[in-house]
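So the structure is just underneath, and the comments pick up after that.
Below, each value reflects all heavy atoms present in this structure, side chains not excepted, and no hydrogens, waters or symmetry copies.
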Amino acid sequence: MEVANDLKTASPLNLEGGNRQVAFATARGDTPSFSSDLVESPAPLSQEGAQYILGGASPGVRPNTTLSEELSQSYFASFIKDLSSSDDPLMKTAGAILARKQKHGNCNIDDAKDVDPWNRHDGVRRDVAICMQISNDAGILDEYIAFHWVQGVGKFVIYDDGSSDNIWSVLEKYVALGIVEYHNITGSPIHGTVNLQIGTMNKCFTMLRERAVEEGLRWIAFPDTDEFVLSSIPNETLSETLNKNYVGEACLRIHRTWYGSSFQHKKPSSLVTETYLMASNDYGGGIWNPKLIANIYPEGKPMNATALTVIHNFKDEDKIQCKLQQDIKDIRINHYLRSLEEYSKKSVYKDVMHEWLKEPLKQFFRRDFNLVSSPIAADYSCRVHALLEQIEEMKHAGKIPAVRRPEP
C-alpha cells in the first residue's frame with residue numbers, strides 16, 4: 001500500500017489523510033510503505049514516527065539511526081490515544097489492536113507451544129464441558145475447540161444435525177484424541193427445529209451428569225458455535241474463574257456481548273476472535289436470551305434440575321435459582337455475527353429453524369453492531385494459533401489415528 005506524504009499535519013492523527021490509511025493497514029495487519037521524501041513537521045506523529053511504530057526503516061533517518069526509546073513510546077501512546085478517541089469505528093479498532101500489541105507483545109507461536117499442548121495432563125484444569133448442536137459449522141470449529149481448550153474446556157459433546165460441509169474432516173482428529181464426543185443425528189424427522197435442539201441438550205446434560213466423576217467434570221455450558229465463552233480476568237481461564245467464584249451457584253445465566261462484522265464483507269483468513277473486535281457494548285450485551293452454565297455439584301445446594309425447557313433455562317418446576325448477569329462481572333460470552341458472506345451462508349443452512357434468516361441482508365444489517373472496540377478474546381490468539389499448528393503437525397506426522405464417522 002502506498003501512503004502519500006499527507007502525514008505532515010499538526011495533529012497526531014489526520015483522519016482524512018495518510019494516518020487514516022495507516023490505521024486501516026494496522027487493523028488488517030498490513031505494513032504500509034511510505035514515500036522516501038523527508039517530511040519536516042511539528043506534528044507529534046511524524047512520518048518517521050508512524051513508520052517506526054509499524055516497523056521497518058524510517059524515511060529521512062540514516063540507516064543506523066533509530067528514534068530514542070522515550071520518543072518512540074511517546075509516539076506510540078499518542079497514536080493509540082488518538083485512534084481510541086476517534087469517532088470512526090475502524091480507527092477505534094486499530095487503536096484497540098495497537099493497545100493489545102503494546103500490552104502483550106507480538107505473537108511468537110514457537111514460544112507459545114508446550115511440549116504437548118493437547119495433553120490433558122499439562123497442568124491446566126479442564127472440568128468444563130460444552131454441549132452443542134451444529135449444522136454446517138466446519139469453518140469455525142478448529143478455532144472454537146482450541147480457544148475453549150485454552151479456557152479449560154476438556155469435553156465437547158457435539159450433535160451433528162445433517163451437516164453437508166465435510167465437518168467430519170475437522171472433527172475426526174479431536175474425536176481420536178478424546179476431546180470431542182460426536183453424535184450423528186442426520187435424518188432426524190424434526191431436523192432444524194428448536195425442539196430437536198432442546199432434546200439433544202437434555203440428553204447431553206443427563207449423560208454428562210452421570211459421567212461427571214469418571215470424566216472429572218463440574219461445569220456444563222450450552223453455547224452455539226458462534227458464541228465464545230471466556231473469563232474476563234486477564235491470564236485466568238474460564239474454569240479457574242468458575243471454581244474460584246461460583247462453586248456455590250447451581251447455574252449462571254450469562255448475557256451475550258454481540259460482536260458485529262467489524263466492516264468485513266468477505267470471510268477473512270484470520271481467526272474470528274482476532275478479526276471481529278467491534279461490539280454492541282464492552283460487556284454483557286443483554287440482548288435476547290442469556291446462555292446457561294450449569295454446576296453439576298454446587299456446594300451447599302442440591303442440583304435438582306431434571307431438564308431444560310429451552311437452551312437458556314431449566315424447567316420452572318425444578319425451582320433452580322441461577323445467578324444472573326447483573327451479578328456476574330468476570331465471565332462473558334462473545335457472540336460473533338461475522339462477515340456478511342458468512343451470515344448469508346448461515347441463512348441458507350438454518351432457514352428451517354429461523355424464518356427470519358430468509359431475509360439475510362435485512363437481518364444482517366439489523367444486527368451488525370460496531371459501536372465499541374472490545375478485543376478481549378483476541379488476547380488468546382497466539383495460543384490458539386500455536387494449538388492449531390501443533391495439531392496439524394501431529395496429524396501429518398501420523399500421531400493421530402483415523403476414526404470412522406459414526407452412522408446416524
Side-chain angles (χ1 to χ4, degrees), residues 1 13-17 19-30 32 79-103 139-140 143-144 147 223-230 232 254-291 325 332-347 354 356-357 359-381 384:
M1 177 194 293
L13 185 64
N14 174 12
L15 299 186
E16 302 302 326
N19 281 335
R20 193 172 196 280
Q21 296 183 48
V22 170
F24 271 72
T26 305
R28 292 195 306 267
D30 297 342
F79 194 38
I80 292 173
K81 182 178 179 181
D82 264 13
L83 286 170
S84 301
S85 62
S86 169
D87 292 330
D88 186 321
L90 185 55
M91 303 295 276
K92 284 182 177 291
T93 300
I97 294 172
L98 284 174
R100 177 167 51 81
K101 286 183 178 180
Q102 184 183 45
K103 178 180 178 182
I140 197 174
E143 177 184 355
Y144 190 90
F147 180 91
D224 296 328
T225 48
D226 52 9
E227 295 167 342
F228 286 63
V229 192
L230 64 153
S232 299
I254 313 291
H255 284 286
R256 292 161 284 175
T257 298
W258 192 275
Y259 281 72
S261 68
S262 290
F263 314 104
Q264 300 283 341
H265 297 298
K266 297 288 186 179
K267 179 181 178 181
S269 58
S270 52
L271 299 176
V272 168
T273 50
E274 66 184 0
T275 300
Y276 303 108
L277 306 178
M278 304 297 293
S280 56
N281 58 16
D282 193 43
Y283 181 74
I287 46 180
W288 297 299
N289 294 318
K291 285 301 181 77
Q325 175 69 67
R332 60 189 286 147
I333 296 178
N334 291 357
H335 185 289
Y336 291 95
L337 180 74
R338 292 176 282 173
S339 67
L340 178 59
E341 178 185 37
E342 293 164 283
Y343 190 87
S344 299
K345 289 181 178 179
K346 182 171 74 171
S347 72
H354 300 296
W356 50 265
L357 279 172
E359 297 180 299
L361 282 175
K362 177 181 177 180
Q363 300 304 331
F364 175 85
F365 289 112
R366 181 181 168 191
R367 290 165 169 77
D368 189 16
F369 298 109
N370 300 285
L371 303 180
V372 298
S373 296
S374 186
I376 182 171
D379 288 345
Y380 299 97
S381 296
V384 171

Between [X] (side chain only) and [Y] (backbone N and O only), is there a donor and an acceptor less than 3.5 Å apart?
{"X": "Gln264", "Y": "Tyr276", "result": "no"}
{"X": "Thr275", "Y": "Val272", "result": "no"}
{"X": "Asp368", "Y": "Ser261", "result": "yes"}
{"X": "Trp258", "Y": "Phe369", "result": "no"}
{"X": "Glu342", "Y": "Ser339", "result": "yes"}
{"X": "Ser262", "Y": "Met278", "result": "yes"}

Exercise: do Thr273 and Tyr380 side chains pair donor with acceptor under 3.5 Å: no
Distance only, no hydrogens: is a donor on one side chain within 3.5 Å (strictly under) of an acceptor on the other, for Ser280 and Arg367?
no
What's the separation between atom [atom1] in [X] and atom [atom2] in [Y], rounded to the nearest 0.5 Å?
{"X": "Thr225", "Y": "Tyr144", "atom1": "OG1", "atom2": "OH", "answer": "7.0 Å"}
{"X": "Ile254", "Y": "Arg332", "atom1": "CD1", "atom2": "CZ", "answer": "11.0 Å"}
{"X": "Phe364", "Y": "Leu340", "atom1": "CZ", "atom2": "CG", "answer": "4.5 Å"}
{"X": "Phe365", "Y": "Tyr343", "atom1": "CZ", "atom2": "OH", "answer": "11.0 Å"}
{"X": "Asp224", "Y": "Ile140", "atom1": "CG", "atom2": "CD1", "answer": "10.5 Å"}

| Passes side chain to side chain contact (heavy atoms under 4.5 Å, CB included), Leu337 versus Tyr259? Steps please. | CA-CA 6 Å; Leu337 180 74; Tyr259 281 72; over 6 Å; no
Residues passing the salt bridge (Lys or Arg N to Asp or Glu O under 4.0 Å) test with Glu227, sequence neighbours excluded, are Arg256, Lys291
### Query
Are any non-hydrogen side-chain atoms of Pro290 and Gln325 less than 4.5 angstrom apart?
no
- request: May I ask you to test the Val229-Asn334 pair for a side-chain heavy-atom distance under 4.5 Å?
  value: no
Next on the checklist: Set out, in order, the CA-CA distance, both residues' side-chain angles and the distance that settles side chain to side chain contact (heavy atoms under 4.5 Å, CB included) for Thr257 and Ile333, then state yes or no.
Outcome noted: CA-CA 6 Å; Thr257 298; Ile333 296 178; over 6 Å; no
Q.
Using side chain to side chain contact (heavy atoms under 4.5 Å, CB included), reason through Ser381 and Glu143 one step at a time and then give a plain yes or no.
A. CA-CA 9 Å; Ser381 296; Glu143 177 184 355; over 6 Å; no
